[in-house]
Amino acid sequence: MSRISETLYRDCGGEEMRGILKRQQTSVTFLPVLASALASVITGTALVATRFVVSGSDGLTIATLRYLVAASCLVPLIPIVSSIRVPRRDLLAIAGLGLLYFGLFPWCISAAMKFTTASGGAVVLACTPAATLLLGKLTGREAWSVRKGLGVVFAIVGAAIAIGHVGFDFQAAAWRGDLAMILATLLGAVYAIFSKPYLKKYSPLAVTAIAMAAGALGLLVFWGAIDLPNGFPHLNPTGWLAIAYIGIAGGALSFFLYAWSLGQTAPTTTMIMLPLNPITAVIAGSLFLREPLTITLFLGLILVVVGIFLVVGVTGPRPVKIASRPVQ
């Protein structure tokens, strides 16, 4: 026990000292949890904004604009708040993962919003922790348990119910979007598994910025080759405002909050807020895009949320231990 703690223990008494340390511990945990919750809410609304704006353009253009804006906001902040000294070998590996997660991943999501609803897509995307666990088990990188296995089953069944709105008719246009969201979920799992060593070795914020910059550059190259010959996107002022929101808030701010939260608390504490993402998307999609709210969507959402809690696990804070000592 430090001298300050001993003084407080002696002056305030043992029970009061426990109360002080407990309040300090609560305040330390509260801010990262709040940051993670806010990030989840933002990404849920960003998915709705993406579906709104993609109707006037295409998935590649929206994904490119989003992460060019996001990278422009986030990358200049890194030297201020974190170190970016990464060896070339690791730099190339992080950039490769960035091409998947900040390049192909958002391209899939933006393209999916052409064909499916933001609420249904968010429910599928919320299966990422379950997909991560399944992939981690297959690659020998994650421990398995009955509880986690049940979580994977709940999440998969919930996603299947949520996207069953087209009666499993593979000729329906909505299935194109659902399959793109499934691919995005798998890409998210790949990034989560293979980025772990780098997130432990370096600052999460630095890794995110490097990966995001690589993804944005990759998207820019593809956009220049595929879409640029057709001219620049023609969006109305509301559309450009949506681009600014999904880039600044849904891109830079949300990933900054997630990365900061990961650096302040346990990953499970951060991930436990993920259910707010599909819940927010369902509510915002209904309010702003008039997306239908069906019983199957809610049932699928409930199963996926239960699956997330089973996979991530819910553990209370560790008790504060104070050595018994008589008050002088």
Side-chain angles (χ1 to χ4, degrees), residues 32-33 36 39-40 43 86 89-90 92-106 108-109 121-160 162-163 178-208 210-212 214-215 254-255 258-259 261-278 300 303-315:
V33 170
S36 177
S40 293
T43 50
V86 180
R89 181 178 178 180
D90 288 348
L92 292 176
I94 295 170
L97 290 169
L99 289 173
L100 290 179
Y101 191 61
F102 294 101
L104 187 56
F105 175 84
C108 288
I109 292 177
V123 172
V124 176
L125 197 60
C127 293
T128 300
T132 302
L133 177 63
L134 187 59
L135 180 61
K137 172 62 177 176
L138 294 175
T139 58
R141 295 169 182 261
E142 290 284 345
W144 192 262
S145 68
V146 174
R147 174 178 58 81
K148 291 181 178 182
L150 285 174
V152 172
V153 172
F154 269 85
I156 293 174
V157 172
I163 65 178
D178 293 331
L179 290 174
M181 291 303 296
I182 292 172
L183 177 58
T185 301
L186 295 176
L187 289 171
V190 169
Y191 180 82
I193 289 294
F194 291 99
S195 65
K196 274 187 177 182
Y198 306 107
L199 291 171
K200 290 181 179 179
K201 190 175 182 180
Y202 308 108
S203 162
L205 199 57
V207 173
T208 300
I210 294 169
M212 184 181 290
S254 63
F255 280 104
Y258 272 132
S261 179
L262 282 171
Q264 299 296 316
T265 188
T268 51
T269 305
T270 299
M271 292 178 67
I272 212 67
M273 292 293 107
L274 285 177
L276 289 176
N277 189 321
L303 290 175
V304 169
V305 170
V306 171
I308 292 174
F309 280 114
L310 288 173
V311 168
V312 175
V314 183
T315 57

Flag side-chain contact, heavy atom, 4.5 Å: [X] against [Y]:
X	Y	value
V304	P278	no
T132	I193	yes
F105	L125	yes
W144	L133	yes
I308	V311	no

Considering residues, nucleotides and ligands other than F194, do more than 12 of their heavy atoms fall under 6.0 Å from its CZ?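 Yes, the 6.0 Å shell around CZ holds more than 12 heavy atoms from other groups.
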
For a side-chain contact (heavy atoms from CB on, under 4.5 Å) check, start with the C-alpha distance between M181 and I109, then their side-chain angles and the critical distance, and finish with the verdict. CA-CA 6 Å; M181 291 303 296; I109 292 177; 4.2 Å; yes

Intermediate values then yes/no, side-chain contact (heavy atoms from CB on, under 4.5 Å), Y202 and I210: CA-CA 11 Å; Y202 308 108; I210 294 169; over 6 Å; no

Nearest 0.5 angstrom please: [X] [atom1] to [Y] [atom2], how far?
X	Y	atom1	atom2	result
L199	T208	CG	OG1	6.5 Å
S36	L274	OG	CG	6.5 Å
I182	I156	CD1	CD1	10.0 Å

Pair S40, Y258: side-chain N/O donor-acceptor within cut-off below 3.5 Å: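 The answer is yes; a qualifying pair exists.
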
I'd like to know if the side chain of S261 and the backbone of P32 have a donor-acceptor N/O pair within less than 3.5 Å.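 Pair found, side chain donor or acceptor close to backbone of P32.
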
If you take all heavy atoms of [X] and [Y], which pair is closest and at what distance?
X	Y	result
A122	N277	CB-OD1, 4.4 Å
A130	A155	CB-CB, 3.6 Å
V123	A162	CG1-CB, 3.6 Å
L303	G158	CB-CA, 3.7 Å
F154	V306	CD2-CG1, 4.0 Å
L183	C108	CD2-SG, 3.5 Å

How are the rings of Y101 and F255 set relative to one another: parallel (under 30°), tilted (30 to 60°) or perpendicular (over 60°)? perpendicular

